[in-house]
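Here is the naming used below: chain letters follow the sequence lines, and residue numbers restart at 1 for every chain.
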Amino acid sequence: MQPFSFSQARNQDDALVQLRQSGAVAIAGGTTLVDLMKLDVQSPAHLVDINSLPLSRIESLPDGGVRIGAMVRNSDLGHDETVMKRYPVLSQALLAGASAQLRNMATTGGNLMQRTRCYYFRDPAYAACNKRTPGSGCAALEGFNRIHAVLGGSEQCVATHPSDMAVALVALDAVVHVVGPQGERRIPIEEFHKLPGTTPHIETALQNGELITHVTLPKSSFAQRSAYVKLRDRASYEFALASAAVAVDLSGSTIREVRVALGGVATKPWRSHEAEQALTGAPANADTFRAAAEAALKSAKALRYNGFKIELAKMALVRALNQAIQA
Amino acid sequence: MSSTEWNRRSFLKVAAAASAAVAIPEAALSQPPSESRLPPTSKSIRLKVNGTAHQLTVDTRTTLLDALREQLGMPGTKKGCDHGQCGACTVHVNGRRINSCLTFAVMHEGDEITTIEGLAEGGTLHPVQAAFVEHDAFQCGYCTPGQIMSAAALLREPIGPKDDDIREAMSGNICRCGAYPNILAAVKAVRNQRS
């Protein structure tokens, strides 16, 4: 690990000033950052500890939504009664992620900033990684790419986004609130994570010097009837090979409005407008669900070792829809 | 003590005493050593571990795990994977279990840290420790401190009553010997005592 200097942010303004130093990076739970620093994948010159910022509250908003502070721990959010009742897909996604110890550390803001689990990204012994070193190539394209993306990849990068939480947030129309030297911004969750394209090293809409302050969930007709299904190599404490977050508003047995997001199969938390289109206005039954799953994966592109993910993602989506309508 | 009576643990204790870390009474802690002579990549910090405050100087890269083991002479907390994938390093920070390998020591001034060395009270084993003995919930023992710290924290967490709920809540602690059935039995026994 490279040496670094360290300071604590006393408050939000202090954090923003400190983050303007060259090479400064904010540290919250540290579960991604410390790991990647040990691997020499990230080598910040200065760490700003933001753990004492007062951003640890989950508040119900007057308009019926919920505001989640960026420093709320994954365990607190996953077990929060309001979230469990009104946004079950978010609770389920959080509690399906990592382990109890890691969830006690990991924060809402930090989870949004998680980096990929691509083996080649995480191991600097491989020179070729466009995400780590722009222009160096992609070792995964022709390498062992079993865990890589079938959706949203480019010729420069096929690394999957590892978050469960963010997939649920996509199905809930969440908004990410950030603050920086130019003031505050609201970023819809769908625009927060970036497709790799020709710039896989740019992963989010967060600019240098900006800080996530909170995430808001709007009131919606579909959030309450929602579910998360995660499929992986072992039953617990593992990243998704494929996952699905769905939120459904039913009118009788007809789907009035729906949100569909996929995880583990795409380069970013993946909203499937195609699946939503196939579901909206249709009867909630097995045929509709299978048609939606086919639509969601229609543009999927298999690499040498990850073709199995296409069917796996379809099954995750069908199962999530079944769970949601029974909720 | 003759040299042949030296064991690994007494060696670690002496090594720790010779390092910069010392346990000091509360009163003496009001004036930490001047930082002016330290490089920006080192820091003088105060850690409260098992109820005792320690003043120590650390390289900022020192994880909480390494500070406990290498500087404070508490080797009970184990280093397995060192990447948050095995749970051997589990300690409690302010009553909650975390992986001490994925956090820097400098981030924990003012926190109440509890390690396996501080779990027993007044010479009486913590109920989880006693249950691990009773149910033979280990083989080689390397993951055991982490398993016990996890199980002790689990008792305060909002998890369901079923065996599968315990299995899920303990999934962050890997046991390569495969002592899981007995670990489950031990955790279950303590939960039953308490309900």
What distance do A:L47 atom CG and B:F104 atom CZ have between them, rounded to the nearest 0.5 Å?
-> 6.0 Å

Interchain contact, B:C89 with chain A, by part (heavy-atom threshold 4.5 Å) | neither

A:L95 versus chain B, the contacting section by heavy-atom distance below 4.5 Å | backbone

Given A:A98, A:A235, A:P3, the one with more heavy-atom pairs under 4.5 angstrom with chain B than any other is A:P3

With a cut-off of 6.0 Å (strictly less than), are more than 12 heavy atoms of other residues, nucleotides or ligands near CZ of A:R319?
-> no

Heavy-atom side-chain proximity of B:R96 to A:D76 below 4.5 angstrom | yes

When you look at CG of B:N94, are more than 12 heavy atoms from neighbouring residues, nucleotides or ligands closer to it than 6.0 Å?
-> yes

Please report the closest heavy-atom contact between B:T60 and A:F4, naming both atoms and the distance.
-> OG1-O, 2.6 Å

Is the count of non-hydrogen atoms from other residues, nucleotides or ligands lying under 6.0 Å from A:Y126 atom OH greater than 12?
-> no

Within residues 153-190 of chain B, contacts to chain A at heavy-atom distances under 4.5 Å involve B:E157, B:P158, B:E168, B:A169, B:S171, B:G172, B:N173, B:I174

Do B:H83 and A:L39 touch side chain to side chain, with heavy atoms closer than 4.5 Å?
-> yes

State the OG1-CD distance between B:T41 and A:Q2, to the nearest 0.5 angstrom.
-> 11.5 Å

For the candidates A:R73, A:H79, A:R234, which exhibits the highest count of non-hydrogen atom pairs separated by less than 4.5 Å from chain B?
-> A:H79

Toward chain B, the part of A:A28 with a non-hydrogen atom under 4.5 Å | backbone

Pairwise distance CD(B:Q85) to CD(A:E238) - rounded to 0.5 angstrom | 8.5 Å

Going from OG on A:S52 to CD on B:E109, what distance comes out if it is rounded to the nearest 0.5 angstrom?
-> 11.5 Å

Closest non-hydrogen atoms of B:N99 and A:M105, given as atom of the first, atom of the second and distance, are O-CE, 3.4 Å

Determine, step by step, whether B:L102 and A:L102 satisfy the side-chain contact (heavy atoms from CB on, under 4.5 Å) criterion, reporting the C-alpha distance in whole Å, the side-chain angles of both residues, the deciding distance to 0.1 Å, and the verdict.
-> CA-CA 9 Å; B:L102 283 189; A:L102 291 165; 3.7 Å; yes

Show your reasoning for whether side-chain contact (heavy atoms from CB on, under 4.5 Å) applies to A:K38 and B:T63.
-> CA-CA 10 Å; A:K38 287 183 180 189; B:T63 59; 3.7 Å; yes

Could you tell me which portion of A:N104 (side chain, backbone, both or neither) has an atom closer than 4.5 angstrom to a non-hydrogen atom of chain B?
-> both

Ignoring hydrogens and geometry, is there a side-chain-to-backbone donor-acceptor pair from A:S5 to B:P40 under 3.5 Å?
-> no

Looking at CG of A:N51 and OG1 of B:T103, how far apart are the two atoms once the value is rounded to the nearest 0.5 Å?
-> 7.5 Å

Select one option (side chain, backbone, both, neither) describing which atoms of B:D59 are under 4.5 Å from chain A's heavy atoms.
-> neither

Does any heavy atom of chain B fall under 4.5 Å from the side chain of A:D35, the backbone, both, or neither of them?
-> both

